[in-house]
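Written below as structure tokens is the structure these notes are about.
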Amino acid sequence: SVKCNDKECYKIENFRTSDLLFPEQGISVYIDKETGLIVRIEEGVRNNASEFYTQVTDYKYEFNTVTDDDLKEPDISEYRIQPQE
């Protein structure tokens with residue numbers, strides 16, 4: 001148990017996944033105890049043959065924020081369709 005981004009989280013270290021660039025490194029995953037959603041991922045990344053750094057990805061979730069305007073199709077009346085050659 002750790003605190004991450006002001007949330008009480010579970011931290012899972014050396015989490016292995018098949019899509020890692022360097023799977024021998026593993027990643028650390030922070031999971032919000034209340035929601036079960038991923039809060040942060042820390043991944044060791046190789047810059048070159050001898051240099052490593054930690055890439056940190058923070059996740060932010062927003063719910064019930066989509067409006068009808070977000071899904072409105074754009075006005076294409078000002079464009080002209082060109083025939084294919």
Side-chain angles (χ1 to χ4, degrees):
S1 292
V2 296
K3 196 158 197 154
C4 180
N5 294 342
D6 294 325
K7 296 178 180 357
E8 289 296 322
C9 296
Y10 296 109
K11 180 180 180 184
I12 303 171
E13 294 182 348
N14 295 317
F15 185 80
R16 305 262 185 216
T17 177
S18 62
D19 65 347
L20 287 175
L21 187 57
F22 299 99
E24 70 276 5
Q25 296 302 310
I27 60 176
S28 294
V29 180
Y30 296 78
I31 300 172
D32 187 326
K33 286 183 175 183
E34 187 177 324
T35 64
L37 296 171
I38 294 174
V39 173
R40 172 179 285 176
I41 293 178
E42 295 175 348
E43 178 178 1
V45 177
R46 185 176 298 202
N47 194 16
N48 58 40
S50 63
E51 223 175 274
F52 285 92
Y53 64 94
T54 301
Q55 175 177 310
V56 176
T57 305
D58 284 328
Y59 291 83
K60 178 182 175 187
Y61 301 92
E62 293 181 6
F63 298 97
N64 299 319
T65 61
V66 177
T67 66
D68 288 340
D69 285 339
D70 294 326
L71 302 174
K72 189 167 60 173
E73 292 193 35
D75 178 15
I76 60 169
S77 63
E78 61 188 67
Y79 298 100
R80 182 172 51 101
I81 298 175
Q82 295 181 348
Q84 289 186 342
E85 296 176 7

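The residues of the chain are indexed from 1 along the displayed sequence. What's counted below: heavy atoms across the whole structure, side chains too, no hydrogens, waters or symmetry copies.
Just one residue in the list Thr54, Ile27, Thr57 forms a side-chain contact (heavy atoms from CB on, under 4.5 Å) with Glu42, and that residue is Thr54. Among the candidates Asn5, Ile41, Ile38, the single residue satisfying the side-chain contact (heavy atoms from CB on, under 4.5 Å) test with Asp58 is Asn5.
Side-chain heavy atoms closer than 4.5 Å link hydrophobic residues (I, L, V, M, F, W, Y) into clusters, and following such links, even through other members, never connects Val39 to Ile12. In terms of hydrophobic clustering, with Ile, Leu, Val, Met, Phe, Trp and Tyr side chains grouped at heavy-atom distances under 4.5 Å, Val66 and Leu37 are assigned to different clusters. Side-chain heavy atoms closer than 4.5 Å link hydrophobic residues (I, L, V, M, F, W, Y) into clusters, and following such links, even through other members, never connects Tyr30 to Tyr61. No single ILVMFWY cluster, assembled from side-chain heavy atoms under 4.5 Å apart, contains both Phe63 and Leu71.
Listed here is the closest heavy atom pair of Glu34 and Asp32: N-OD1, 2.7 Å. For Lys33 against Ser1, the heavy-atom pair with the smallest separation is NZ-OG, 2.6 Å.
Within 6.0 Å of NZ on Lys11 lie more than 12 heavy atoms contributed by other residues, nucleotides or ligands.
Checked by atom type, the side-chain pair Ser77/Asp75 shows a donor-acceptor distance below 3.5 Å.
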